[in-house]
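To start, the structure itself, in structure tokens.
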Amino acid sequence: MVSPEQSQNQNFSMAKHSARSKTTSFFSDTLLFAGGALVAFLVVWALWSLFSTTPSPTPSFSSTSFSERKSAGLESAVVSPLQSCAVGASGFDMVHDPTDPNFYDDRKLSYSIEAPPIKNWDEKRRDWLKQHPSFAAGVENRILLVTGSQATPCKNPIGDYLLLKFFKNKVDYCRRHGIDIFYNNVLLQPKMFSFWAKTPTVKAAMLAHPEAEWIWWVDSDAAFTDMDFKLPLDRYKAHNLVIHGWPKLIYEKKSWTSINAGVFLIRNCQWAMDFIDVWASMGPQDPGYDKWGEILSTTFKDKIFPESDDQSGLIYLLLKEKEKWGNKIYVEGEYYFEGYWMEIVGRLDNVTERYMEIEKRVGRLRRRHAEKVSESNIPVWEEYLKDAGFGREGWRRPFITHFTGCQPCSGDHNKMYSGQTCFDAMQKALTFADNQVLRNYGFMHPDLLDPSTVNPVPFDYPS
């Protein structure tokens with residue numbers, strides 16, 4: 001059955017067809033005449049163009065040669081699409097790779113932690129940067145963040161969910177500060193399991209990224225909880241390795257917990273290559289692994305398991321070979337280069353309130369801005385945070401919150417706290433960090449324990 005609306009549409013269509021048939025003859029004659037005139041015009045125009053003198057350039061295109069533009073300093077004014085994509089937003093030339101030999105052409109070069117030691121690495125990096133000049137500017141402050149996890153699914157049913165959130169957190173921080181990131185989820189040396197997996201990964205990253213001055217290892221269970229804070233690289237100019245720790249516990253107490261090796265910053269240099277080889281020689285791939293377990297257990301009386309581990313191995317080198325290694329290692333204790341979650345998470349609500357009090361007074365900090373220019377507010381924040389204090393006595397945002405002992409992937413957490421305590425703390429810290437990111441996108445989580453709910457941020461919030 002046809003509805004009244006369909007019937008009316010069909011009648012309207014038939015009426016249009018009837019009207020077209022009556023005018024067909026008229027339009028046919030008209031079109032024939034117009035077509036003939038157009039062909040005649042095109043023939044005359046083509047002949048005129050063929051025999052005319054050099055045409056004047058149209059306003060849209062320049063007739064100036066490249067050499068003339070270069071002499072006038074305008075060679076960058078016209079960039080082809082290919083050149084534009086090659087250079088990219090970072091300003092690096094991503095397709096310029098000369099065929100002149102460099103260290104990558106050495107057949108003996110191996111990325112393996114068990115390979116012969118890398119020699120003359122500083123010179124090799126310097127030569128590579130000469131071949132790739134677009135990467136040379138600013139190299140002294142360039143960082144590659146490296147992190148990772150296991151290749152197989154987590155035993156904890158929500159472990160992969162948590163690792164994804166931790167990785168998102170790192171990607172957010174890196175994007176805001178122009179830092180490259182590499183996530184590794186394979187053992188580059190099969191015997192170097194768990195905490196030992198980082199050393200072969202860092203060595204490979206140094207070779208893969210000669211453009212990076214610093215390699216920044218951050219454990220998978222560590223989260224950035226101050227998205228604005230930047231590493232004070234000027235402080236580390238005379239050093240090649242930065243770790244979080246307490247000198248008194250290292251040199252007086254000789255405690256195996258005097259540092260935390262889950263987050264460290266290492267310079268991409270020959271010293272670091274040599275140090276990683278020595279550090280890794282204490283690992284399970286080395287024939288001396290059991291012997292190193294005995295040495296480290298004897299040296300650190302509070303060590304709770306007999307196997308050689310990366311953390312106590314690093315402290316051992318600080319203690320026993322201070323001249324060779326220790327003098328180039330900076331033990332950072334002035335801020336949360338990484339901080340123990342148990343002393344941090346409970347204070348996050350108060351930290352949020354203190355920051356909001358500042359924002360209510362300072363319109364510049366409330367003003368909306370593009371995420372790409374987030375660093376523009378850092379000097380303003382620093383002016384109001386100079387008396388905030390770092391650490392457990394202060395109310396400044398902790399830089400990195402490390403969930404040591406929670407084991408989000410395996411679920412085999414330290415028995416001194418429950419799995420639910422770990423889960424809630426991780427959700428709270430990650431949501432706290434996510435609010436700093438989402439604010440640039442116009443939303444925020446109203447409840448730090450509810451990562452799935454967001455509200456729009458009102459204009460001039462929190463005035």
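Excluded from the calculations below are hydrogen atoms, water molecules and symmetry mates; all remaining heavy atoms, backbone and side chain alike, are included.
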Q | Residue R392 excluded, over 12 heavy atoms near CZ under 6.0 Å | A | no

**Q.** side-chain hydrogen bond (donor to acceptor under 3.5 Å, both in side chains) partners of K130, counting only residues at least two apart
**A.** none

Q | Electrostatic pair K191-E114, nearest N-O below 4.0 angstrom | A | no

Q: For the pair W128 and H132, name the ring-plane relationship: parallel under 30°, tilted 30 to 60°, perpendicular over 60°.
A: parallel

Q: Check whether the side chains of T453 and N455 place a donor and an acceptor atom closer than 3.5 Å, and report yes or no.
A: no

Q | Steps toward side chain to side chain contact (heavy atoms under 4.5 Å, CB included) verdict (H96, F135) | A | CA-CA 11 Å; H96 173 72; F135 293 93; over 6 Å; no

Q.
Can you classify the ring geometry of H244 versus F337 as parallel (below 30°), tilted (30 to 60°) or perpendicular (above 60°)?
A. tilted

**Q.** Considering all heavy atoms, the nearest E359-L365 contact
**A.** OE2-O, 3.6 Å

Q | Donor-acceptor side-chain pairing of N102 and Q131 below 3.5 angstrom | A | yes

Q: Not counting sequence neighbours, list each pair that qualifies as a disulfide bond (SG atoms under 2.5 Å apart) and has a residue in residues 417-463.
A: C406-C422

Q. Is any side-chain N of the basic residue among D434 and K165 closer than 4.0 Å to the acidic one's carboxylate O?
A. no

Q) Between R366 (side chain) and K360 (backbone), is there a donor-acceptor pair under 3.5 Å? A) yes

Q: Report yes or no: do Q150 and T152 form a side-chain donor-acceptor pair below 3.5 Å?
A: yes

Q) Residues in salt bridge (Lys or Arg N to Asp or Glu O under 4.0 Å) with E393, at least two apart? A) none

Q. By side-chain hydrogen bond (donor to acceptor under 3.5 Å, both in side chains), which residues pair with K203, not counting sequence neighbours?
A. none

**Q.** Evaluation steps, side chain to side chain contact (heavy atoms under 4.5 Å, CB included), between I276 and M206
**A.** CA-CA 11 Å; I276 286 177; M206 291 169 69; 3.8 Å; yes

Q) Which of parallel (below 30°), tilted (30 to 60°) and perpendicular (above 60°) describes W381 and Y355? A) tilted

Q) Would you say the side chains of N327 and K322 form a donor-acceptor pair under 3.5 Å? A) yes

Q) If you measure only the distance, is there a donor-acceptor pair under 3.5 Å linking the side chains of Y289 and E307? A) no

Q | Pair T401-T225, side-chain donor/acceptor within less than 3.5 Å | A | yes

Q: For the pair W341 and F403, name the ring-plane relationship: parallel under 30°, tilted 30 to 60°, perpendicular over 60°.
A: parallel

Q) Are the aromatic ring centres of W216 and F224 under 6.0 angstrom apart? A) yes

Q: Show your reasoning for whether side chain to side chain contact (heavy atoms under 4.5 Å, CB included) applies to Y441 and E371.
A: CA-CA 8 Å; Y441 295 82; E371 187 181 51; 2.8 Å; yes

Q) So, for I329 and W271, which heavy atoms are closest and what is the spacing to 0.1 Å? A) CG1-CH2, 4.0 Å

(Q) Between I243 and L318, does the side chain to side chain contact (heavy atoms under 4.5 Å, CB included) criterion hold? Intermediate values first, please. (A) CA-CA 11 Å; I243 55 174; L318 268 169; 3.9 Å; yes

Q) Do you know the tightest heavy-atom contact between A429 and L348? A) CA-CD1, 3.9 Å

Q: Name all residues meeting the salt bridge (Lys or Arg N to Asp or Glu O under 4.0 Å) criterion together with D228; count only those two or more places apart in sequence or in a different chain, and write none if there are none.
A: R176, R397

Q. What do you reckon, are the aromatic ring centroids of Y335 and F229 less than 6.0 Å apart?
A. yes

Q: Work out which heavy atom in I118 is nearest to a heavy atom in S110; give both atom names and the distance.
A: CD1-O, 4.1 Å

Q. What pairs with D127 under salt bridge (Lys or Arg N to Asp or Glu O under 4.0 Å), at least two apart in sequence or on another chain?
A. none

**Q.** F166-Y183 aromatic ring centre distance below 6.0 Å
**A.** no

Q.
Is it true that, when you exclude Y384 itself, more than 12 heavy atoms of the residues, nucleotides or ligands shown sit nearer than 6.0 Å to its OH?
A. no

